[in-house]
Every structure is written in structure tokens, then in C-alpha cells.
> 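Structure incoming, see below.
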Amino acid sequence: MKNFWNKLKSYKFSTYMLVLTIFYSAGSILINLMAIRTFGYYDGFTPIIQVTTAGSLISWLVFACMDIVTEVCGKKKAIQMFWITGIINVILTGVAAVACLIPGTPGTEQAYVGVFGFNWGIALASIAAFLLGNYTNSVIMFIMKTRASDPKSGKGFTLRVIISTLVGQFIDNAFFYILALAPGFGIGGLSNEFVRCASWELLWMMVGFTTGIELITETLFSPLFHKFARFLINKQKEEGIVPTEYQQLEN
């Protein structure tokens, strides 16, 4: 175990940032694919209670990546990570859409189209919501850190996570569910009515439940995220790296 930890410590800061970016990108793509699966109580096909989508199982980790990058490098790097993810998302969604147009193997074609055939609506809604939610999340994290009484110590990280996640995730979830799943016009249901919410009441129920689940989960794991963020900050100092947006904090 000691040798394993020493090996991890030997990796450069850029390696960890690459891993965070890859995880963030892969996670956001997976959220889009999982968003068509809703959790709740149904009477046959009639929803009685809708709690959240399967995407919330991993969305809190994606937001945690954004929190860590903002804490360590500043909001500009965090926003750059978002745009990289958005571009990758659009490209992969386009490839999947083209694949739906090509005749496939009987028995599997319907299942494939069922998942990817209307993913453009989900992807567009997710990208728009992520732009607003993640940007808000990153700005709040950045402002709270730069205005903290002792920003270099990392104190207040959990509070920053709670407040930024509450606001950012609520904006993300509200815009996503409205754009993708709203009854009557949700673009995620352009070719599949089942992915739309049955009513606005159920939609806002999903917004509330999803935000609550993500907030609670990320808060519970925030001590681990804090340790990882401090580890990365120490790696920066070892390599003589000072983020441009945090240079004034070092003076």
C-alpha cells in the first residue's frame, strides 16, 4: 500500500488534471445516456411519483470534479473543461445519430435507436443546462474562496461545496428537465413521448428530489474531495505552479 501511495505521489500535476478532465467528460456523456431512465412509482405506465433520472447516480461526481478544478486552478480552467466536454458531447451524439440512420441487425436496431435515436434532444438540453449550472457552480466556488478570511488554508471548502452545489445543481436540473422533459414541448421527447414528464408537478418534483440527492451525496463525500484538492494544491507548489487567478492569494 505504501509503494502504491508513493507511486501516486510521483505523478505530475498535469496527469491528475488530465484524469479529472477525462472523468468529467465521460461522466457528462454518461449522464446524457442515463437521463432517459426515470425513477419513481408508476401505476402501469402512469407516473404517480417521479423522483429523478438515472443520470443523478453520477452527476454529483461530475460536479465534484468541477468543484475540485475550481478550488485548485480557478474558474477559467473549470469553464475550459466544460467547453471541451460540450464539444466532445456534440461530436459523439452526432456519430450516434448517424449510426441510427444506417440499417442494422434485426432485433438490436430498435433497442439502439430507442437509446440513441432521440439523444440529440437530451444532449442539447444537457449541454445548455450544464453551461448555466456548472458556470454558476464554478463562479460561486471561486468567489467564496477568494473572499475567504484564510483562502490558502483551504478552510471553508465544505461550505463552498454545499452552497455552490445547491445553486448550481438546482439551475442545472431545472433547465435540463424543462428543456428535455417538459410536458408538451420537451425537446428530449422529439421522437419518443415516453421521456416527457406527465405534468409540471412531477417535473418540479424531479428537480427537487434530484437536487437534494446530489447535494446530500456530494456533501457526505466533501471531506474526501477536500483532501484530494489539498493534495493537488501541494503538487502545484512542489512544481512551482501558481494559477493565474490565485496569484494574488500567494502575495
> Looking at Phe170, I'd like to know if its CZ atom is crowded, meaning that more than 12 non-hydrogen atoms belonging to other residues, nucleotides or ligands lie closer than 6.0 Å.
no
> Other than Ile171, which residues form its hydrophobic cluster under the rule that side-chain heavy atoms must be closer than 4.5 Å?
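Grouped by the 4.5 Å side-chain rule, Leu132, Ile140, Met144, Leu159, Ile163, Val167, Phe175 form the rest of the cluster around Ile171.
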> Taking OH in Tyr135 as the centre, count heavy atoms belonging to other residues, nucleotides or ligands within less than 6.0 Å. Is the count above 12?
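12 or below, so no.
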> Does the side chain of Met17 come within less than 4.5 Å of Val69's, by heavy atoms?
yes
> Got a donor-acceptor contact below 3.5 angstrom from the Thr165 side chain to the Ile162 backbone?
no
> Give a yes or no on whether the ring-centroid distance for Phe225 and Phe157 is below 6.0 angstrom.
no
> Around Glu239, counting heavy atoms of other residues, nucleotides and ligands shown, do more than 12 lie under 6.0 Å from its CD?
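Correct, the count exceeds 12.
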> Looking at side-chain heavy atoms only, is the closest gap between Asp172 and Phe63 below 4.5 Å?
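Contact flag for Asp172/Phe63 side chains = yes.
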> I need the Ile241 CD1 to Lys235 NZ distance, nearest 0.5 Å.
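Rounded to the nearest 0.5 Å, the CD1-NZ separation comes to 9.5 Å.
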> Kindly indicate, with the supporting measurements, whether the criterion ring-ring contact (aromatic ring centres under 6.0 Å, His included) is fulfilled by Trp204 and Tyr177.
CA-CA 8 Å; Trp204 287 112; Tyr177 286 134; 9.2 Å; no
> Can you tell if the side chain of Asn173 reaches within under 4.5 Å of the side chain of Glu214, non-hydrogen atoms only?
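Yes. Closest side-chain heavy atoms under 4.5 Å.
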> If every non-hydrogen atom of Met141 is compared with every non-hydrogen atom of Thr70, which pair is closest and at what distance?
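Answer, listing the atom of Met141 first, then Thr70: CB-CG2, 3.7 Å.
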> So how far is it from Cys73 SG to Leu232 CG, rounded to the nearest 0.5 Å?
7.5 Å
> Locate the shortest heavy-atom distance separating Thr85 from Ser25; write the atom from each residue and the value.
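Taking Thr85 first and Ser25 second, the nearest heavy atoms are OG1-OG, 3.0 Å.
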> Please check: side-chain N/O of Ser138 versus main-chain N/O of Asn134, any donor-acceptor pairing under 3.5 Å?
no
> Taking the six-membered ring for Trp, are Phe228 and Tyr16 parallel (under 30°), tilted (30 to 60°) or perpendicular (over 60°)?
perpendicular
> Linking I/L/V/M/F/W/Y whenever their side-chain heavy atoms sit closer than 4.5 Å, directly or via other members, would Leu166 and Ile213 fall into one cluster?
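Hydrophobic grouping puts Leu166 apart from Ile213.
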> If you measure from NZ on Lys145 to CD1 on Ile143, what distance do you get to the nearest 0.5 Å?
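Between atom NZ of Lys145 and atom CD1 of Ile143 there are 14.0 Å.
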> Within this structure, what is the NZ-OG1 distance for the pair Lys77 and Thr21, rounded to the nearest 0.5 Å?
9.5 Å
> Quick check on the hydrophobic clustering: are Val72 and Tyr11 connected, directly or via other members, by side-chain heavy-atom contacts under 4.5 Å?
yes
> Between Thr219 (side chain only) and Leu215 (backbone N and O only), is there a donor and an acceptor less than 3.5 Å apart?
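Yes; judged by distance alone, with no hydrogens or angles, the pair exists.
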> Do the non-hydrogen side-chain atoms of Phe209 and Met205 ever get within less than 4.5 Å of each other?
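Result yes, sub-4.5 Å side-chain heavy-atom pair found.
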> Answer yes or no: is there a side-chain heavy-atom contact under 4.5 Å between Val161 and Glu218?
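Yes, side chains in contact.
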> On the six-membered ring of Phe142, is Lys75 placed so that its NZ or CZ lies under 6.0 angstrom from the centre and within 45° of the ring axis?
yes
> So how far is it from Thr217 OG1 to Ile58 CD1, rounded to the nearest 0.5 Å?
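Reported to 0.5 Å precision, the distance equals 12.5 Å.
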> Can you get from Trp83 to Val139 by hopping between Ile, Leu, Val, Met, Phe, Trp and Tyr side chains that sit under 4.5 Å apart?
yes
> Heavy-atom distance under 4.5 Å between the side chains of Phe23 and Leu61, does that happen here?
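Yes; the side chains approach each other to less than 4.5 Å.
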> Check whether Asn234 reaches the backbone of Arg230 with its side chain - one donor and one acceptor, N or O, closer than 3.5 Å.
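A pair under 3.5 Å: yes.
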> Identify the heavy atoms of Val207 and Ala174 that sit nearest to each other, and give their distance.
CG2-CA, 3.9 Å
> Test of understanding: clusters of I, L, V, M, F, W, Y form through side-chain heavy atoms closer than 4.5 Å, transitively. Do Ile102 and Ile91 belong to the same one?
no
> Testing the basics here: between Ser56 and Thr210, what is the closest heavy-atom pair and its distance to 0.1 Å?
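That would be CB-CG2, 3.9 Å.
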> When clusters are formed by joining ILVMFWY residues with side-chain heavy atoms under 4.5 Å apart, either directly or through shared neighbours, do Phe176 and Ile29 land in the same one?
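Per the 4.5 Å side-chain linkage, Phe176 and Ile29 are not co-clustered.
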> To the closest 0.5 Å, what do you measure between OG (Ser59) and CD (Gln169)?
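Output value for this atom pair is 5.0 Å.
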> For the residue pair Cys65 and Leu20, what are the closest heavy atoms and their distance?
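Reported closest heavy-atom pair: SG-CD2, 3.9 Å.
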> State whether Arg160 and Glu71 are salt-bridged, where the test is any N-O pair (Lys NZ or Arg NE/NH1/NH2 against Asp/Glu carboxylate O) under 4.0 Å.
yes
> Compare every heavy atom of Asp67 with every heavy atom of Ser164, then report the nearest pair and how far apart it is.
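Scanning both residues, the minimum pair turns out to be OG-OD1, 3.7 Å.
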